[in-house]
Amino acid sequence: MPVVTIPSASLTPTPEESRSFCAQLEAGDILYFPQSPVPLASDDTSFLLGQQQADSSLHKNIAYKPAIDRLSGFDAKTANPAAVERLQRIMRGYSSSVVQFLTSFLAPYQQHWKLDYASFRPQEEQGRDLPLRRRNDLLHTDAFPTRPTHGARILRFFNNIHPARTRDWIVSDPFAATVRQFAPKEIAPRPGSALSRIGKASARAIGLGAAIPSLKRSPYDDFMMRFHNFLKENPRFQADCPKYSFQFPSGSSWMVYTDTVPHAVLAGQYALEQTFLVRPEAMVRPEISPLRILEEIAHAPLV
Ligand code: SIN
Ligand code: FE
């Protein structure tokens, strides 16, 4: 079972312990905190749980961008401004608490990450009607269509804030084992391909008139995006791969490198999440990073 339980007594690790937590994450383990080290105040939780009823424009998954202190993903025309302001304050506080906790808990990564988006996920995950590539109940590794990472790793920290229910995940074997079953025979890194620009439609969707150079995907990003789609579209993998299930209880937290651990959420409602993009030079085990593994398969640099 790839889940490592962190007791409350281990929340302030020594430098060696911190390094070993990083190594466990990089090897594909989920670090699980039975009681979240970044709990939400109970009136904030009640507010978030009430949004579905109170304001239908705030019932979708909502992103918070810490760098510009902005919420997105709701209809600003119909949302209640006071509710938006409160949600923004809660997300700002959550984001900075997670950063503060991980700055010491994962000390070797400190200053080597880019703080990405946080999200509030109020929707029931079971039975969501989404297009196949957007479904999160199929096992997949994460890749962002509009935010290429150029080798940086996608680390995600979650809180289950549902008052009673678990959030139900399945995971499969980490990247090295999974990717080697398929690459390079069925899906290959394309080292020679020119950097591909993000499409005009995606650029428009994130508020840019045209694709700009910083949005160019590296061959690494190109592979990670195709691999995400490949896994979701592969019924044989979905049916036959090794599966480990875990139910994260109400009030718990967990974190995992979602770019390399195939994961799916089958059921659950109301979660908070903060994403970090951790730069390759911060890895304590660079030899098992997805960039290194893919470069070995491709026999060429990919960023
Ligand atoms: C995902 O990253 O696939 C979704 C995980 C979750 O919302 O629990
Ligand atoms: Fe995912």
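In each ligand, atom 1 is the first atom listed, and ligand 1 is the first ligand listed. On a predicted model such as this, the values are computed, not experimentally measured, just so you know.
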Applying the ring pair (Phe, Tyr, Trp, His ring centres under 6.0 Å) criterion to Trp169, which one of Phe246, Phe248, Tyr32 satisfies it?
Phe248

Whether the Arg153 and Ser289 side chains hold a donor-acceptor pair (N or O, under 3.5 Å, no angle test) is what I'd like checked.
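Checked: Arg153/Ser289 side chains show no N/O donor-acceptor pair below 3.5 Å.
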
Within the 3.5 Å criterion, strictly below it, is a donor on Tyr94 or Asp44 matched to an acceptor on the partner's side chain?
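No donor-acceptor contact under 3.5 Å links the two side chains.
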
What does the 4.0 Å heavy-atom contact list look like for ligand 1?
Arg121, Asn136, His140, Asp142, Arg156, Phe158, Arg167, Trp169, His263, Val265

For the residue pair Arg147 and Tyr117, would you count it as a cation-pi contact if the rule is NZ or CZ under 6.0 angstrom from the ring centre and within 45 degrees of the ring axis?
yes

Between Glu125 and Asp168, is the side-chain contact (heavy atoms from CB on, under 4.5 Å) condition met? List the steps.
CA-CA 9 Å; Glu125 296 294 340; Asp168 302 348; over 6 Å; no

Could you name all protein N, O or S atoms found under 2.8 Å from the Fe ion (ligand 2)?
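His140 NE2, Asp142 OD1, His263 NE2, with waters left out.
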
For Thr103 and Trp113, run side-chain contact (heavy atoms from CB on, under 4.5 Å): C-alpha distance rounded to whole Å, both residues' side-chain angles, the deciding distance at 0.1 Å, then the answer.
CA-CA 10 Å; Thr103 297; Trp113 65 46; 3.8 Å; yes

Salt bridge flag under 4.0 Å for residues Asp43 and Arg86:
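Yes, Asp43 and Arg86 are salt-bridged.
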
Is the centre of the Trp254 ring less than 6.0 Å from the centre of the Phe158 ring?
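Centroid separation for Trp254 and Phe158: below 6.0 Å.
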
Mind checking whether Phe33 and Phe157 have parallel, tilted or perpendicular rings, split at 30° and 60°?
tilted

